[in-house]
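To start, the structure itself, in structure tokens.
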Amino acid sequence: MASFLTRSPLPMDRNLLTTSTRTPTTIISLRTCHDIQEVKQLHARFVVSGLLGYHPLCARRLLEAYVTKSQIYYAVSIFERIPSPDVFVYNTMIRGLTMGYLTEGRVDKARKMFDDMAAKDAASWSALITGYTKNGMHTEALALFQDMMVSHILPNEAALVSLLSACGQLGTLHQGRWIHAYIDKTRVLMSTKLTTALIDMYAKSGSIECGYGLFQKMAWRDVVSWGVMISAFAIYGHASKCFQLFDEMLADGIRPNKVIFVAILSACSHAGRVEEGRQYFSQMEHDFGIKPSIEHYGCMVDLLGRAGLLADAEELILSMPEQPNSIIWGSLLSACRTHNDLKRGTWAFENLMELEPTSGDRYKLAGLMFANAGEKEEATKIRKMIHEKEMETTCGSSFIEVEGAVHEFTVGYTAHNKARDI
DNA sequence: ATAGGGTTAG
């Protein structure tokens with residue numbers, strides 16, 4: 001059966017194909033497509049003209065284009081028709097399999113492809129490490145790094161950035177420090193991205209001072225570097241520091257993006273800075289042209305709710321252009337519990353039941369609200385529902401690393417054998 | 001004739 005790979009070029013393209021030593025512009029233009037439809041149109045042209053089977057670059061560039069557009073289905077179909085894929089093609093496939101919307105077993109497929117590869121380069125390891133961190137499989141990413149070191153393959157910058165992100169998510173400070181030392185020792189260039197990843201790792205692992213030290217020494221800070229630093233201080237509740245950094249960022253000529261405002265607004269929320277929060281919220285749209293997204297509304301509802309301004313929170317929710325999500329309702333419910341607002345709390349709870357009918361934590365919170373307000377009947381009704389529907393409830397917990405070991409702490413749990421010391 | 005990678009509300 002003749003496939004498009006074996007078909008000879010049509011007469012109209014034959015001239016172009018045989019006389020030119022340069023890559024056809026249609027193949028080059030695959031890289032600048034920003035729309036899937038454009039890629040598909042070019043794909044069709046390549047099939048019809050026979051270029052796909054004729055030019056060795058055509059299939060791999062098409063594969064690359066589908067991968068960057070997260071079109072794994074098309075990427076696989078192209079991949080399967082490449083006669084003898086090289087490392088670059090395999091690496092592109094590993095990236096594609098671990099990117100975009102995950103369907104079951106795609107990371108495993110990437111792993112299998114990786115294991116089956118006869119020749120792997122640093123980019124192959126990097127692709128899978130990044131794939132793991134992108135899918136929240138941080139432990140697997142760090143384990144793969146160990147294998148990589150054993151195989152004497154030097155990690156590239158992309159791998160190091162992903163590994164630092166994994167360390168930050170897990171809070172494994174000593175592994176992060178080890179990578180930092182490794183970077184210094186091997187004289188890897190400290191780029192903006194790498195330094196930003198280090199700052200984020202330190203901040204998320206409880207060493208904000210280390211992160212801030214690196215930040216201050218940076219030669220070039222982009223909007224992400226500022227975002228990492230401001231978010232870090234926001235989590236620590238240092239609102240004034242966030243405001244100061246925001247001004248410094250503007251003075252540095254960097255325009256804030258939506259992420260910066262999420263960080264600033266969450267800083268306001270954690271520190272109870274209602275007035276500043278309101279100012280930044282309106283400044284965001286009027287001075288910087290950024291339309292508030294659901295995350296920004298989430299921060300504002302939380303800010304107003306914590307401050308007990310529940311009527312304002314309600315008004316804001318009703319003014320939202322899109323449907324509030326469970327985070328917004330959960331935030332409102334939590335505020336209603338602390339401020340004993342049964343009316344709005346019930347409203348939030350009703351919406352939560354629609355959006356997350358099986359989340360035991362939401363029901364538990366509502367139960368506590370009714371119990372606090374003396375509504376014993378409502379409270380028992382909810383407790384029964386949790387029991388009957390066999391809903392799972394989680395408790396808040398935190399991880400802390402001491403001398404290389406990670407300990408988990410659960411709210412109300414003091415049975416840890418060295419809880420006091422830690 | 002070659003990419004990838006860092007920030008985000010409870």
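Predicted model only: the values in this text are computed from it and were never measured. Throughout, a chain's letter reflects where its sequence line sits, starting with A, and its residues are numbered from 1.
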Applying salt bridge (charged side-chain N to carboxylate O under 4.0 Å, His left out) as the test, list every pair that has at least one member in residues 83-94 of chain A; sequence neighbours left out.
A:Arg60-A:Asp86

Tell me, please, which residues at least two apart from A:Phe246 pass ring-ring contact (aromatic ring centres under 6.0 Å, His included).
A:Phe261, A:Tyr280

Neighbours of DNA chain B within residues 223-236 of chain A, by heavy-atom distance under 4.0 Å
A:Val224, A:Ser225, A:Gly227, A:Val228, A:Ser231

Please list, chain by chain and in numerical order, all residues satisfying side-chain hydrogen bond (donor to acceptor under 3.5 Å, both in side chains) with A:His180, sequence neighbours excluded.
A:Tyr202

Got a sec, which residues hit salt bridge (Lys or Arg N to Asp or Glu O under 4.0 Å) with A:Glu209, two or more places apart in sequence or on another chain?
none

Excluding sequence neighbours, so at least two apart, what forms ring-ring contact (aromatic ring centres under 6.0 Å, His included) with A:Phe114?
A:Trp125

Name every donor-acceptor pair, under 3.5 Å, that has one atom in a side chain of residues 229-238 of chain A and the other anywhere in the protein, sequence neighbours excluded.
unit_1   : atom_1 : unit_2   : atom_2 : d
A:Ser231 : OG     : A:Gly227 : O      : 2.6
A:Tyr236 : OH     : A:Ala203 : O      : 3.2

In numerical order, the residues of residues 262-271 of chain A whose heavy atoms come under 4.0 Å of DNA chain B are A:Val262, A:Ser266, A:His270

Taking only distance into account, with no hydrogens and no angle test, what donor-acceptor pairs under 3.5 Å do side-chain atoms of residues 90-97 of chain A form with protein atoms, sequence neighbours excluded?
unit_1  : atom_1 : unit_2   : atom_2 : d
A:Asn91 : OD1    : A:Ser124 : OG     : 2.8
A:Asn91 : ND2    : A:Asp121 : OD1    : 3.0
A:Thr92 : OG1    : A:Phe88  : O      : 2.7

What pairs with A:Lys40 under salt bridge (Lys or Arg N to Asp or Glu O under 4.0 Å), at least two apart in sequence or on another chain?
none

Show me the donor-acceptor pairs within less than 3.5 Å that the side chains of residues 320-330 of chain A make with the rest of the protein, sequence neighbours left out.
unit_1   : atom_1 : unit_2   : atom_2 : d
A:Asn325 : OD1    : A:Ile327 : N      : 3.2
A:Asn325 : OD1    : A:Ile328 : N      : 3.1
A:Ser326 : OG     : A:Glu356 : OE2    : 3.0

Residues from residues 305-325 of chain A lying under 4.0 Å of DNA chain B - heavy atoms
A:Arg306, A:Asn325

